[in-house]
Amino acid sequence: MNYWLLKSEPDVFGIDDLAKAPKKTEHWDGVRNYQARNFMRDDMNKGDQVFFYHSNCAEPGIVGIAEIVRAGYPDHTAFDPKEKYFDPKSDPDKPRWYMVDVRYRRKLKRPITLKELKENKGLKSMKLLQKGNRLSVMPVTEREWRAILALEKR
DNA sequence: GCCAACGTTGGC
DNA sequence: GCCAACGTTGGC
């Protein structure tokens, strides 16, 4: 099993939106970055655990836990000219972009803010904290996963 | 709103 | 293949 961190802007689609979705499940569509695409297409499996991260907001940080319930499959929003993330270069016979399905599990008892993650020496290696990192989909190591859950209990 | 960092595009 | 121009991300 793998661990991941998914970024989302709470003003656009936050943890509460996922919790309110039918079956508490949503397509993680609209990812238009090759590195993120590769993670979703090649490495995400059903059952993988996800930290739900709020970005571009007053208090960026990890706010909840979700689970991958469907592994990578073609992102059909790329084929539809009416969609915001339409990409004419993505051919249904040879899809350029992929998505996964994500199901809500729970909110953290309290948000673990970006600030707190940065202050934790054991988490320095986190991809999220690397300079200039803008990936919206990234792997989390098991050690990092456990360390962050331990922070929640403090 | 600002701006640094990064990814992508396209001319050459 | 190089690199300038441009668009986007996301913290602050």
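Since we're looking at a predicted model, the values are computed, not measured. Note on naming: letters A, B, ... go to the chains in the order of the sequence lines (proteins, then strands), and numbering restarts at 1 for each one.
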Opening and closing nucleotides of DNA chain B in contact with chain A, under 4.0 Å to non-hydrogen atoms
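Here the contact window of chain A covers B/dA5 to B/dT9.
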Base, sugar-phosphate alone, or nothing: which one does A/Lys118 contact when heavy atoms must sit under 4.0 Å apart?
sugar-phosphate
Of A/Arg96 and A/Arg134, whose closest DNA chain B nucleotide lies nearer the 5' terminus?
A/Arg134
Looking at A/Leu135, is its backbone amide N or carbonyl O close enough to the side chain of A/Lys7 to form a donor-acceptor pair, meaning the two atoms are under 3.5 Å apart?
yes
Mark yes or no for whether A/Asp48, through its side chain, and A/Asn2, through its backbone, hold a donor-acceptor pair below 3.5 Å.
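It does hold such a pair.
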Just by distance, with hydrogens left out, do A/Tyr73 and A/Asp101 show a side-chain donor and acceptor under 3.5 Å apart?
yes
In A/Arg32, A/Arg96, A/Arg41, the residue satisfying salt bridge (charged side-chain N to carboxylate O under 4.0 Å, His left out) with A/Asp75 is A/Arg32
So if I apply the salt bridge (charged side-chain N to carboxylate O under 4.0 Å, His left out) rule between A/Glu152 and each of A/Arg146, A/Arg110, A/Arg106, which one comes out positive?
A/Arg106
